[in-house]
Amino acid sequence: MNWDVQSQTVLSDLEVESEENAQGELFDFAYPVEGGGEIVVSTTRPETMLGDTAIAVHPDDPRYMHLHGKHALHPFVDRKVKIITDAVLVDPKFGTGAVKVTPAHDWNDFATGKRHKLEEINILRKDGTLNENAGPFQGQDRFAARKAVKAKLEELGLARGSKVHALTLPRSQRSGTVVEPIISTQWYVRMKPLAEPAIAAVEQGKTTIVPEHWNKTYFHWMRDIQDWCISRQLWWGHPIPAWYCNACEHTHVAQQAPSKCDKCGGALRQDEDVLDTWFSSALWPFSTLGWPDKTPDLARFYPTDDLETGYDILFFWVARMMMMGIHFMGEVPFRRVLLSGLVTDERGDKMSKVKGNVIDPLDVIQGATLDDLLAKAKNNGAKDSGLDYLRKTYPEGFAAYGADAMRFTLLSYSPQTTKIALSIKRIEGYRNFANKLWNAARYVLMNLEGSGVQATQVRPDAHCFANRFILSRLATTILTVHLSIDEYRLDEASLALYHFVWQDFCDWYLELSKALLQSGDSAIVAETRAVLMHVLETSLRLLHPMMPFITEEIWQRIAKTEALQRTIMLAPYPEGGRDGLTDETVEREMAVLQAVIVATRAIRSERDIHPRLTLPLTLRCDDVPLRALVTREQEAIASLCKATVSVEALAGSAPVDNSATSVTEGVTLVVPLAGLVDDGKERERVERQLQKLEKDLQAIDKKLGNAGFVDRAPAEVVHKERERKAELEHSCVQLREALTKLKAT
RNA sequence: AGGCGCGUAGCUCAGUGGGAGAGCACUACCUUGACACGGUAGGGGUCGGCGGUUCAAUCCCGCCCGCGCCUACCA
């Protein structure tokens, strides 16, 4: 058994954690051999020598041939220690090649003891002090006894030196103390028969683990499974259903307490121990639903669809629920297991009360001062270093970021990451997102005031470019969200919504809508209002599972038709269908307009032209559909660039003195700026743009000059490269012309 | 020791066999009637290293280096 002397309970293998590379000491000492001579053994736990009942050597080791079958004399207790040969336990190359054997306090020695029928002498009491078998060391704590034993061996001249030794220390997950192997009688569950069907269930796809790569870990553990010690010496838990006869010690195991001993009729006492909490937890999928009664709940919810949890309890809980579920219910408890990463602190360290780095979600949601954080950590037993970490990392404590930001942040991490290093900065970013959504809603509601427009959850028809654009982007987003959710990629779904709301809706559409709302054309205004309402309302429904509070709050403020539900919680989640209608043409056209607008703003920014000044912008283009597009949407461009826009053909157009030029998407932008022009700066800007394009062009030329590429790559790939080349060449020509012009002036 | 996974911008991380991305941080300008928890424009990466497959590799394969986790062992 693994014994935790602090909690004074048995632990299962899974509850023992390894401390790697602990600094230990390998201590050598000599046992005097009966009839003369000595044999030197090594140990990292000198106190265990009090329980030694043998010394093992390798049967073929020539150094010890003469000692086979002899006895050593124990220096502290009246005991002869047999010298045995054992090829399993002993590695003749390690240390002295002679191993002290303590069957009662070491896993390997226990097995050796069984092979050689050695006496098992327990030297430990439950609290970690030594018992009466320890002779003169009785009553000492295990670590004090270690020192005392060493000192006494030195005194007797039996110490043979020591060296530092790195070892892995088994520590209790519960208390952190070093775990002691002891011999004790406890209840175990034989795991092989339970594991086999649980392995088969995953192999046959009855239960799927997501992400899939955890299958390997699951199988690896299940196939190499150890029996499970389920007794715990704790006051909290399910009592073990075992009864012992006071008279004859016969053991009874039953669902109902037996009244007297089956064998002798004597009085019974129940086992004082309780079941491992994980044993009880393993029953959770059905024990919570009324099992063993066949309740309607059990029929309805067993098996369930999805279980979501951290990968760190795949064995503790998931695997055991699988085994118990299959055993007791005859069926797997869930169809899918979704494993997420472990939430850690910002450094990536596992949260622990002792380290003081446990982040209480409520503090993040409601806000907390540094003092609040320190008080809570201290109360949970944090060490000073942990408190220092808090002081250093959160000098201002937490602002109140809200439950929506917290939830959205957790959703934004990829499911395949093993570590979720919860960053306050990231939470703050999503808090800002919630604020952005709130302000966008304010804008929409403000512009709908008194209009009588109601949310209908029916996609309005739209003719205006901007309205068609946002409806198409909404449709694309709905499709992306559905695809992502179907693949359990909530990170992708949340990212798609974040980008849609912030970029498409706020940065582009709301800005475009301003011109439409002020157009004075009542048909356009009505259409725009309907679209604003529809997109906002649909976005809220899309976001609701990820940001339940703010979406409900806004939704309640929206005017709605009678037919709609009272709460967004009951509103249908947006589906493809009519709302999933994307419009590739409008999205492609928008890409052109966006490029033109961004290029114009870049000119403004590079030239330090104040945002309040209106730019005179001329767009030149020979491509007829393209020119038609920018002509049709010149008011939109004007609005977003704060410019007056004119459009003309490129061919035959007159050069403009003192102007800034840019080329994008086949459109040449000219901004005449008499009096404001700094030719040097402009030349730099154009040269930089030209250089970039020429570099791209070079790469494409190299590719197209490669016969292997042209011959063997798919035709559409080659075609695409040729198109790009033409486009780049055109742009370069325009820029070179602009450069010549600048140099000439 | 065995198994699994990871090395991509200063940080945290997405991603793909054919033009390197996001958020934060950073720089400049801007308090414009939704929003400064904001807007606009920028800078920043030999995609860990070396080979191989391929017309083409950040992506596929092999080896190496570094890191993390799990399992086992450690007198």
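Values in this document were obtained by computation on a predicted structure and should not be read as measured data. Below, read A as the first sequence line, B as the second, and so on, with proteins coming before strands; counting in each chain starts at 1.
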### Message
So if I take every side-chain heavy atom of R712(A) and compare against C55(B), A22(B), A34(B), which nucleotide ends up nearest?
### Response
C55(B)
### Query
On a plain distance test, is the side chain of R431(A) in donor-acceptor contact with the base of C37(B) below 3.5 Å?
yes
### Task
Under 4.0 Å between any heavy atoms, over every strand shown, what does K93(A) touch: base, sugar-phosphate, or nothing? Just pick one.
nothing
### Task
Report the nucleotide, chosen from A14(B), C35(B), G19(B), that has the shortest atom-to-atom distance to any side-chain atom of N439(A).
C35(B)
### Query
Going by number, which of residues 594-605 of chain A have a non-hydrogen atom under 4.0 Å from RNA chain B?
V598(A), R601(A), A602(A), S605(A)
### Query
Could a donor-acceptor pair under 3.5 angstrom be found where the side chain of K436(A) meets the base of C35(B)?
yes
### Message
If you only use heavy atoms from C-beta on, which nucleotide in U71(B), A75(B), U12(B) is closest to the side chain of A421(A)?
### Response
U12(B)
## Note on the structure
pair_partner(U53(B)), Watson-Crick or wobble, both distances < 3.5 Å, evaluates to none
## Note on the structure
Which of C30(B), A75(B), C55(B) is nearest the side chain of A713(A)? It is C55(B)
### Message
Test side chain to side chain donor-acceptor pair (under 3.5 Å) on Y509(A) and Q503(A); report intermediate values, then the result.
### Response
CA-CA 8 Å; Y509(A) 177 67; Q503(A) 293 169 3; over 6 Å; no
### Query
Between C59(B) and G68(B), how far is it from one C1' atom to the other, in whole Å?
22 Å
### Rounded distance in Å between the C1' positions of U31(B) and U46(B)
43 Å
### Message
Once you measure the plane-to-plane angle for Y430(A) and F433(A), does it fall in the parallel (<30°), tilted (30-60°) or perpendicular (>60°) bin?
### Response
perpendicular
### Task
State which of A41(B), A14(B), A75(B) makes the closest approach to the side chain of V90(A).
A75(B)
### Task
Sort out the partner of U58(B) for me: Watson-Crick or G-U wobble, both distances under 3.5 Å, none otherwise.
none
### Query
If you measure from the P atom in C60(B) to the same atom in A36(B), how many Å do you get, rounded?
45 Å
### Query
If you look at every strand shown and take non-hydrogen atoms under 4.0 Å, does K642(A) touch a base, only sugar-phosphate, or nothing?
nothing
### Query
Nearest to the side chain of H213(A) - A22(B), G38(B), G5(B)?
G5(B)
### Query
If you check the R489(A) side chain, which of G19(B), A14(B), A34(B) turns out closest?
A14(B)
### Query
Just by distance, with hydrogens left out, do H74(A) and D52(A) show a side-chain donor and acceptor under 3.5 Å apart?
no
#### Entry: U32(B) and G39(B), which share atom name P, separated by this distance in whole Å
15 Å
#### Entry: Which residue lies more 5' along RNA chain B, comparing W107(A) with L728(A) via nearest heavy atoms
L728(A)
### Summary
When both distances are under 3.5 Å in a Watson-Crick or G-U wobble arrangement, the nucleotide paired with G66(B) is C6(B)
### Query
Taking for each residue the nucleotide of RNA chain B bearing the nearest heavy atom, is the 5' side occupied by E17(A) or by L169(A)?
E17(A)
### Query
Could a donor-acceptor pair under 3.5 angstrom be found where the side chain of E511(A) meets the base of A34(B)?
yes
### Task
State, without any angle test, whether S42(A) and K100(A) hold a side-chain donor-acceptor pair at a distance under 3.5 Å.
no
### Task
Taking all heavy atoms of R529(A) and all of S451(A), pick out the closest pair and write down the distance.
NH1-CB, 3.4 Å
### Closest nucleotide among G39(B), A22(B), A75(B) to the H499(A) side chain
A22(B)
### Query
Of all heavy-atom pairs between E47(A) and I123(A), which one has the smallest distance, and what is that distance?
O-CD1, 3.5 Å
### Message
Please classify the nucleic acid contact of S423(A) as base, sugar-phosphate, or nothing, using heavy-atom distances under 4.0 Å.
### Response
nothing
### Message
Using the salt bridge (Lys or Arg N to Asp or Glu O under 4.0 Å) criterion, which residues pair with R407(A)? Sequence neighbours excluded.
### Response
none
### Query
Can a donor-acceptor pair be found between the side chains of E346(A) and Y394(A) at a distance below 3.5 Å?
yes
### Query
Paired with U27(B) by Watson-Crick or G-U wobble geometry, both distances under 3.5 Å: which nucleotide is it?
A41(B)
### Message
Tell me the interatomic distance from D507(A), atom CG, to A22(B), atom P, rounded to whole angstroms.
### Response
13 Å
### Task
In plain terms, say whether K720(A) and E716(A) are close enough for a salt bridge, that is, a side-chain N and a carboxylate O under 4.0 Å apart.
no
At a cut-off of 3.5 Å, list every protein nitrogen or oxygen paired with a nitrogen or oxygen from nucleotides 8-10 of chain B, distance to 0.1 Å.
none

### Query
Is E428(A) touching bases, backbone alone, or none of the nucleic acid, heavy atoms closer than 4.0 Å?
nothing
### Span that lies between the C1' atom of G42(B) and that of G3(B), in whole angstrom
47 Å
### Task
May I ask you to decide if the ring planes of F315(A) and W221(A) are parallel, tilted or perpendicular, using 30° and 60° as cut-offs?
parallel
### Query
Of all the choices, G18(B), U32(B), A25(B), which nucleotide is nearest to the side chain of K425(A) once you look at every atom?
A25(B)
### Task
Can you tell me, in whole Å, how much space there is between the C1' of U16(B) and that of C47(B)?
11 Å
### Message
Would the base of G23(B) count as contacting R426(A) through its side chain, where contact means a donor and an acceptor less than 3.5 Å apart?
### Response
no
### Task
Find the distance D701(A):CG to A56(B):P and express it as a whole number of Å.
18 Å
### Task
Return the nearest nucleotide to the side chain of N435(A); candidates are C37(B), G39(B), A22(B).
C37(B)
### Query
Looking for any heavy atom pair under 4.0 Å, which part of the strands does R223(A) touch: base, sugar-phosphate only, or nothing?
nothing
### Task
Give T44(A) one of three labels, base, sugar-phosphate or nothing, depending on what nucleic acid heavy atoms sit under 4.0 Å from its own.
sugar-phosphate
### Query
What distance, rounded to whole Å, do you find between the two C1' atoms, one in A72(B) and one in C4(B)?
15 Å
### Message
My understanding is that a pair needs two contacts under 3.5 Å, Watson-Crick or G-U wobble. By that rule, which nucleotide pairs with U71(B)?
### Response
A1(B)
#### Entry: Salt bridge flag under 4.0 Å for residues E25(A) and K150(A)
yes
### Query
Which part of the nucleic acid, if any, lies within contact of T43(A), taking any heavy atom under 4.0 Å across all strands shown: a base, the sugar-phosphate backbone alone, or nothing?
sugar-phosphate
### Message
Between C65(B) and A22(B), how far apart are the two P atoms, rounded to whole Å?
### Response
35 Å
### Identity of whatever pairs with A22(B) - Watson-Crick or G-U, under 3.5 angstrom
U12(B)
### Summary
A34(B) -> Watson-Crick or G-U wobble partner, both distances under 3.5 Å, gives none
#### Entry: Geometric cation-pi criterion R473(A) and W508(A), 6.0 Å radius, 45° cone
no
### Interatomic spacing from OG1 in T112(A) to CG in D86(A) - rounded to 0.5 Å
5.0 Å
